[in-house]
Participant: 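One structure follows; several queries about it will come next.
None of the values given here were measured: they were computed from a predicted structure.
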4 protein chains.
Amino acid sequence: MTQDAQVVTPLGGRCRRKDARPGELIDAALDVFVERGYAAARLEDIAQRAGVTKGTVYLYFTDKEELFEAVVQHTLGGMVARGHLIAAGHTGRAADLLREILGHWWRDIVCDPRASALPKLLIAEACNFPRLARAYYQIVIEPGRALLRDVLQRGIERGEFRPVAVDNVVQFIIGPLVYRQCMQHSLQVAVPGMQLGDGDFLRSFEEHLLASLAPTVAGTVAP
Amino acid sequence: MTQDAQVVTPLGGRCRRKDARPGELIDAALDVFVERGYAAARLEDIAQRAGVTKGTVYLYFTDKEELFEAVVQHTLGGMVARGHLIAAGHTGRAADLLREILGHWWRDIVCDPRASALPKLLIAEACNFPRLARAYYQIVIEPGRALLRDVLQRGIERGEFRPVAVDNVVQFIIGPLVYRQCMQHSLQVAVPGMQLGDGDFLRSFEEHLLASLAPTVAGTVAP
Amino acid sequence: MTQDAQVVTPLGGRCRRKDARPGELIDAALDVFVERGYAAARLEDIAQRAGVTKGTVYLYFTDKEELFEAVVQHTLGGMVARGHLIAAGHTGRAADLLREILGHWWRDIVCDPRASALPKLLIAEACNFPRLARAYYQIVIEPGRALLRDVLQRGIERGEFRPVAVDNVVQFIIGPLVYRQCMQHSLQVAVPGMQLGDGDFLRSFEEHLLASLAPTVAGTVAP
Amino acid sequence: MTQDAQVVTPLGGRCRRKDARPGELIDAALDVFVERGYAAARLEDIAQRAGVTKGTVYLYFTDKEELFEAVVQHTLGGMVARGHLIAAGHTGRAADLLREILGHWWRDIVCDPRASALPKLLIAEACNFPRLARAYYQIVIEPGRALLRDVLQRGIERGEFRPVAVDNVVQFIIGPLVYRQCMQHSLQVAVPGMQLGDGDFLRSFEEHLLASLAPTVAGTVAP
DNA sequence: AATGAATGAGTATTCATTCAT
DNA sequence: AATGAATGAATACTCATTCAT
């Protein structure tokens with residue numbers, strides 16, 4: 001009853017009640033899982049970061065595994081929609097679309113300290129959480145690839161890009177960005193001076209990709 | 001001959017193999033670390049797979065952590081050194097040198113089901129074992145980057161490559177390969193049908209890089 | 001009343017006794033340490049004797065060593081303090097004060113089968129637990145010596161005692177009592193018939209000390 | 001065969017052969033047992049200090065317990081004989097005999113870093129090695145007490161000492177010296193600045209005892 | 001006689017999970 | 001709904017002991 005004071009939040013904002021708890025726990029858990037990895041993450045740390053005690057976690061999640069899965073599922077949701085919307089509404093040049101998609105990836109995910117952390121988690125735990133791995137594959141990876149495949153194919157069909165092995169090039173696009181995300185949340189934390197390229201990474205990367213995709217006048221590329 | 005007497009142990013039980021043991025333990029440890037992850041790997045399992053008991057591990061390594069370091073050092077330490085040798089002895093075109101280095105990386109690491117697993121391990125555990133992360137950085141990452149930087153710079157100086165932001169391009173080279181290695185040991189294990197590109201990945205990648213690096217006749221690249 | 005609800009636990013199982021637990025654990029630990037010695041004392045035995053399980057010990061003490069320190073502090077910490085209080089409030093003859101202090105030592109420590117066991121423990125483990133040894137020195141030994149030093153000095157200044165080498169005589173006072181305590185918990189346990197003097201030890205000891213400290217008419221003491 | 005070089009020692013002294021081994025091991029073991037206590041003493045350290053390897057210890061002693069018992073038995077031997085010889089041959093004043101005995105105890109045992117260490121060991125381990133405790137009692141303690149008892153009784157009979165409770169006074173003589181020996185090998189090792197009296201301990205002690213034993217002219221001792 | 005590689009039982013410590021309040 | 005005291009299974013590490021050489 002005395003607690004009701006909390007429900008009436010002075011700022012009129014979101015009040016701390018049981019409805020908010022799962023989200024707060026998921027938030028806190030994401031942080032800790034990312035920092036420590038699944039095995040080393042302690043329920044007590046997660047609870048503390050969410051401002052509750054260990055026991056409370058079990059009111060919302062049956063065990064650590066379920067919490068982990070909820071964290072991933074919840075964080076995954078926001079990562080997909082945008083790309084498809086962008087592609088669907090785009091009518092201009094394929095290069096511009098590619099740039100736009102990369103720009104969004106960069107700003108919304110790579111630069112977001114929370115969103116950028118998921119790949120590391122999934123790479124580390126996929127074998128122990130195959131169900132999660134499959135969800136991630138279906139929700140993030142396959143749609144993401146399809147998106148990039150479409151862009152490349154569109155560009156090739158229009159003669160904007162040279163004909164390349166689309167599925168492979170998709171990996172060349174995904175690889176450097178995911179690699180960077182992983183490093184941000186692993187080695188770079190442990191090795192203080194470590195750099196991940198020399199500034200303006202996104203611009204460099206766009207240029208790199210478009211240079212590679214540019215149609216050649218003659219077959220001058222590779223011997 | 002003298003060695004054979006030791007290797008072919010008549011009795012399955014205790015046998016003296018002081019010279020061979022560290023290697024056998026490192027081998028077994030690599031397997032178990034890759035399968036289970038560092039934290040979940042039990043010293044007893046590692047020992048058992050090496051055909052010894054727990055205690056024996058501590059005759060050769062002071063720690064679980066030291067064993068892990070030995071695994072990394074032993075598995076990848078030599079690889080980068082070999083790359084530098086190749087580069088040092090190379091006098092031909094930078095593109096050929098790049099191809100040669102990528103070929104070695106591909107065949108000796110990416111295609112080796114054990115060596116290819118280490119980046120995933122390191123990414124997963126770097127935050128919890130900073131000492132290990134720093135060792136990996138010094139043994140593998142920094143030398144590897146330096147190697148690729150040299151190749152690129154050599155190509156640019158000779159006019160074989162266009163002038164690019166070297167440190168970034170190094171990441172574009174490393175990214176797709178490490179990403180592939182990570183996938184091989186995580187999602188691909190959990191998602192049966194998952195593909196990592198459509199065949200001839202290495203050839204595609206070489207072509208992709210060289211196309212991007214090729215000097216442009218005019219500024220035709222990107223607006 | 002509110003406390004009683006906790007103390008009388010209806011179910012033998014889990015009950016919350018946060019306030020009482022540390023004391024119960026210290027009690028149990030003293031027993032086990034005395035019986036087995038520090039190294040041979042198993043945390044599990046201590047826990048069991050306190051009616052809890054292993055894990056519970058770690059809710060209250062970070063370490064076996066810290067538990068040991070708590071045992072020493074709790075068992076002897078108050079005793080010396082009491083001695084100082086007695087000395088501070090004493091205005092009569094030094095001999096009487098000395099008798100009073102010895103009486104307390106005798107009744108509260110030598111005759112307490114648990115408190116009397118600590119010197120033996122400390123003597124046995126000091127080399128392996130220097131931190132503990134230093135704590136014991138500061139909590140028990142140095143204050144105890146200071147107390148006796150004061151009494152002797154007071155007696156000498158007042159002419160009640162002859163002038164003696166105070167620091168040495170302090171050892172002559174401590175020695176027989178600590179020696180007796182050690183024997184009670186070692187040889188006397190193993191050698192059934194062993195005697196530690198012939199009754200009325202305390203009275204004898206007081207007389208012995210006061211006879212030695214008595215001022216001499218002439219220098220008749222030693223040739 | 002090449003080893004024979006060891007047998008022919010250049011200095012003509014005691015050569016290292018199997019006959020000497022047990023003694024060397026006992027020597028080394030005494031050191032380590034005293035430093036660490038029985039439980040914390042590692043067979044490997046003992047072996048190393050004796051210049052052999054762990055396995056060798058088991059050629060001479062069936063296990064750690066037997067080695068410990070051998071150490072104590074062996075060291076005990078030297079501690080008894082002298083005192084009795086002195087007493088047997090003494091015809092002068094009891095005080096002089098007491099002084100002589102204390103002097104020998106002081107110089108041969110208290111000041112000998114090896115011999116002085118036994119009491120600590122036995123006090124610490126008597127409960128776990130009752131057989132040893134009984135041996136120590138019979139070989140050292142009881143004869144030692146008897147010796148002191150005789151001296152005191154002789155002094156009392158001759159009127160050199162006042163009539164005291166002999167068995168108690170024996171403890172007052174033994175206590176400070178044994179206490180000192182224990183401290184030398186325990187707290188004093190761990191607490192660097194610790195002092196055990198202020199110099200000339202032996203002289204002080206003799207004086208202290210003789211002052212206490214001196215016959216009183218009148219009943220001036222204690223009320 | 002000596003070695004030292006190998007063993008494996010034993011224990012302090014951690015942490016996910018439970019449940020009385 | 002929330003707490004936090006209590007649990008107990010799990011594991012890294014130590015060291016006395018064995019035995020093939």
Participant: When you match B/Gly55 and C/Glu65 each to their closest nucleotide on DNA chain E, which lands nearer the 5' end?
Facilitator: B/Gly55
Participant: In whole angstrom, what separates B/Arg21's CZ from E/dG4's P?
Facilitator: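 That distance rounds to 17 Å.
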Participant: Partner of F/dT11 by Watson-Crick or G-U wobble geometry, both contacts under 3.5 Å, or none?
Facilitator: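 WC or wobble partner is E/dA12.
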Participant: Please confirm whether the shortest side-chain N or O distance from C/Thr56 to OP1 or OP2 of F/dA5 is below 4.0 Å.
Facilitator: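 Indeed not, no polar side-chain atom of C/Thr56 lies that close.
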Participant: Starting from the 5' end of DNA chain F, give me the residue, B/Asp63 or C/Val52, whose nearest nucleotide shows up first.
Facilitator: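 Its nucleotide being nearer the 5' end, the pick is C/Val52.
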Participant: Taking any heavy-atom pair under 4.0 Å as a contact, classify B/Ala41: base, sugar-phosphate, or nothing.
Facilitator: sugar-phosphate
Participant: Only pairs with both distances under 3.5 Å count, Watson-Crick or wobble alike; so what is the partner of F/dT17 in this structure?
Facilitator: E/dA6
Participant: In the structure shown, which nucleotide is the Watson-Crick or G-U wobble counterpart of E/dA1, with both distances under 3.5 Å?
Facilitator: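 With both distances under 3.5 Å required, E/dA1 matches none.
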Participant: Using 30° and 60° as the class limits, which term best fits the ring planes of C/Phe68 and C/Phe33: parallel, tilted or perpendicular?
Facilitator: tilted
Participant: Nearest whole angstrom, please: distance from the C1' of E/dT17 to the NZ of A/Lys64.
Facilitator: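 Result: 12 Å.
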Participant: Measure CG/D/Leu43 against P/F/dC15 and give the value in whole Å, please.
Facilitator: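 Going from D/Leu43 (CG) to F/dC15 (P), I get 11 Å.
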Participant: Ion pair present between C/Glu24 and C/Arg49, side-chain N to carboxylate O less than 4.0 angstrom?
Facilitator: no
Participant: What is the distance, rounded to the nearest whole Å, between atom OH of B/Tyr60 and atom P of F/dC13?
Facilitator: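 Result: 18 Å.
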Participant: Side chain of A/Lys120, backbone of A/His185: donor and acceptor closer than 3.5 Å?
Facilitator: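 It does hold such a pair.
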Participant: For the side chain of D/Lys54, counting heavy atoms from C-beta on, which of F/dT17, E/dA16, E/dG8 is nearest?
Facilitator: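 So the nucleotide nearest the side chain must be F/dT17.
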Participant: In whole angstrom, what separates A/Arg36's CZ from E/dC15's C1'?
Facilitator: 13 Å
Participant: Let me know the distance between OH of C/Tyr58 and C1' of E/dT13, rounded to the nearest Å.
Facilitator: 5 Å
Participant: Atom CG of B/Asp45 and atom P of E/dG8: how far apart are they, to the nearest Å?
Facilitator: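 B/Asp45 atom CG is separated from E/dG8 atom P by 16 Å.
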Participant: With no hydrogens and no angle check, is any side-chain donor or acceptor of B/Tyr38 less than 3.5 Å from a backbone partner on B/Glu65?
Facilitator: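 Looks like yes, one N/O pair under 3.5 Å.
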Participant: Ignoring backbone atoms, establish whether C/Thr53 has a side-chain N or O less than 4.0 Å from OP1 or OP2 of F/dT7.
Facilitator: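 Answer yes for this pair, as a side-chain N or O of C/Thr53 is under 4.0 Å from OP1 or OP2.
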Participant: Treating B/Lys64 as the side-chain partner and B/Ala39 as the backbone partner, does any N or O pair qualify as donor plus acceptor under 3.5 Å?
Facilitator: yes
Participant: For a quick check of understanding: with a heavy-atom distance under 4.0 Å over all strands, which category does B/Val57 fall into, base, sugar-phosphate or nothing?
Facilitator: nothing
Participant: Could you tell me how far apart A/Ile46 (CD1) and E/dC15 (P) are, to the nearest whole angstrom?
Facilitator: 12 Å
Participant: Would you mind telling me which of F/dT11, E/dT3, F/dA16 lies closest to the side-chain atoms of D/Leu59?
Facilitator: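 My answer, after comparing the listed nucleotides, is E/dT3.
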